[in-house]
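Quick notes on the structure that follows.
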Amino acid sequence: MSAVVFWCALALIGYAYVLYPLLVLGLARRFGHAPRHAPVTPSLTVVIAAFDESARIGARVRDVLAQDYPRDRLQVVVVDDGSRDGTAHAAQVGDPRVRVIALPRNCGKAAALAVAIAWCDTEIIAFADARQRFAANALRRLMEPFADPRVGAVSGDLAIEGVPGTAADI
């Protein structure tokens, strides 16, 4: 009996690490294709869930608003996930395109994002963290694959910029 269990477990591991990747690779080669890219600017909301980020959130919101993206097509929703440090107040940067939702208690990032999604009325929703910054053309570049109607989601690359004397600089 233990020999049967061993061989079944080995077969399962072989499928997971060898056969399945080969199957996916074969299907991608047969049916896969790169999406069409074109300069499109659908209405877009950038959602930022934040917890105790008062020191960063204002700069992050201004970073999103400074994107090379049409002003009338861009909104920002910040969800303050029950912060204790004034994050909601710091996120108010005086721009009518910014909506701040302050949750009364910390519910977790997933719940905060769900609340934000309910407030969004744009064609596309992008999720961002309070700690990262976008390259000036990041939103335009993220939207380009949506020119292909078969595309339902995209993701960007995280590039760590080196600051002299830090680990990212090495």
Side-chain angles (χ1 to χ4, degrees), residues 15-51 53 55-81 87 90-101 108-164 166-170:
Y15 171 77
Y17 286 98
V18 178
L19 188 57
Y20 182 75
L22 289 174
L23 177 66
V24 169
L25 181 63
L27 288 171
R29 285 189 177 170
R30 173 93 165 103
F31 299 108
H33 65 282
R36 177 172 43 108
H37 284 92
V40 295
T41 54
S43 59
L44 169 66
T45 299
V46 177
V47 172
I48 304 169
F51 176 72
E53 294 285 355
R56 294 187 183 119
I57 196 66
R60 180 63 174 125
V61 171
R62 284 187 288 281
D63 173 66
V64 172
L65 295 173
Q67 284 287 299
D68 176 26
Y69 204 81
R71 281 183 57 85
D72 63 327
R73 313 284 295 156
L74 179 62
Q75 297 178 23
V76 178
V77 173
V78 176
V79 181
D80 175 7
D81 190 17
T87 296
Q92 296 284 1
V93 296
D95 191 302
R97 298 175 292 163
V98 178
R99 180 179 301 145
V100 178
I101 304 165
K109 187 171 184 175
L113 293 175
V115 168
I117 290 169
W119 282 85
C120 295
D121 60 357
T122 54
E123 297 171 80
I124 305 289
I125 300 171
F127 299 104
D129 287 329
R131 295 182 178 173
Q132 282 80 33
R133 299 286 179 259
F134 287 155
N137 63 349
L139 293 179
R140 279 193 185 269
R141 299 281 312 276
L142 277 173
M143 295 304 110
E144 288 176 356
F146 288 110
D148 188 334
R150 295 169 292 187
V151 171
V154 299
S155 177
D157 290 329
L158 177 62
I160 307 296
E161 291 185 1
V163 176
T166 66
D169 188 42
I170 300 172

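Computed from heavy atoms alone, side chains included, the values below leave out hydrogens, waters and symmetry copies.
Pairing each heavy atom of Ala147 with each of Val40, the nearest pair is CB-CG1, 3.8 Å. Shown here for Pro21 and Ala16, the closest heavy-atom pair between the two residues is CD-O, 3.5 Å. Residues Val93 and Gly58 approach most closely at CG1-O, 3.9 Å, considering heavy atoms. The shortest heavy-atom contact between Phe127 and Ile117 is CZ-CD1, 3.8 Å. Closest approach of Val47 and Ala116 over heavy atoms only: CG1-CB, 3.4 Å. Between Ile124 and Thr122, the closest heavy-atom pair is O-OG1, 2.9 Å.
Residues satisfying the side-chain hydrogen bond (donor to acceptor under 3.5 Å, both in side chains) test with Arg56, not counting sequence neighbours, are Glu53. With sequence neighbours excluded, no residue forms a side-chain hydrogen bond (donor to acceptor under 3.5 Å, both in side chains) with Thr41. For Arg30, there are no salt bridge (charged side-chain N to carboxylate O under 4.0 Å, His left out) partners at least two apart in sequence or on another chain. Legend: residues meeting salt bridge (charged side-chain N to carboxylate O under 4.0 Å, His left out) with Arg97, ordered by chain and number and at least two apart, are Asp95. Applying the salt bridge (charged side-chain N to carboxylate O under 4.0 Å, His left out) test to Arg29 and every residue at least two apart in sequence or in another chain returns nothing.
The closest donor-acceptor contact from the side chain of Thr87 to the backbone of Asp80 lies at 3.5 Å or more, if one exists at all. In this structure, Glu144 contributes its side chain and Arg36 its backbone to no donor-acceptor pair below 3.5 Å.
Taking CD1 of Ile57 as the reference point, atom CD of Gln92 lies at 11.0 Å (rounded to 0.5 Å). Expressed to the nearest 0.5 Å, how far CE of Met143 lies from CG of Leu44 amounts to 4.5 Å. Between atom CG of residue Asp81 and atom CD1 of residue Ile48 there is a gap of 14.0 Å, rounded to the nearest 0.5 Å.
By the 4.5 Å heavy-atom criterion applied to side chains, Lys109 and Asp129 are counted as neighbours. Within the 4.5 Å cutoff, the side chain of Arg99 has no heavy atoms near those of the Cys120 side chain. Looking only at side-chain heavy atoms (C-beta outward), Val79 and Leu113 stay at 4.5 Å or farther from each other.
Screening residues 65-74 for salt bridge (Lys or Arg N to Asp or Glu O under 4.0 Å), with sequence neighbours left out, gives Asp68-Arg140, Arg73-Glu123.
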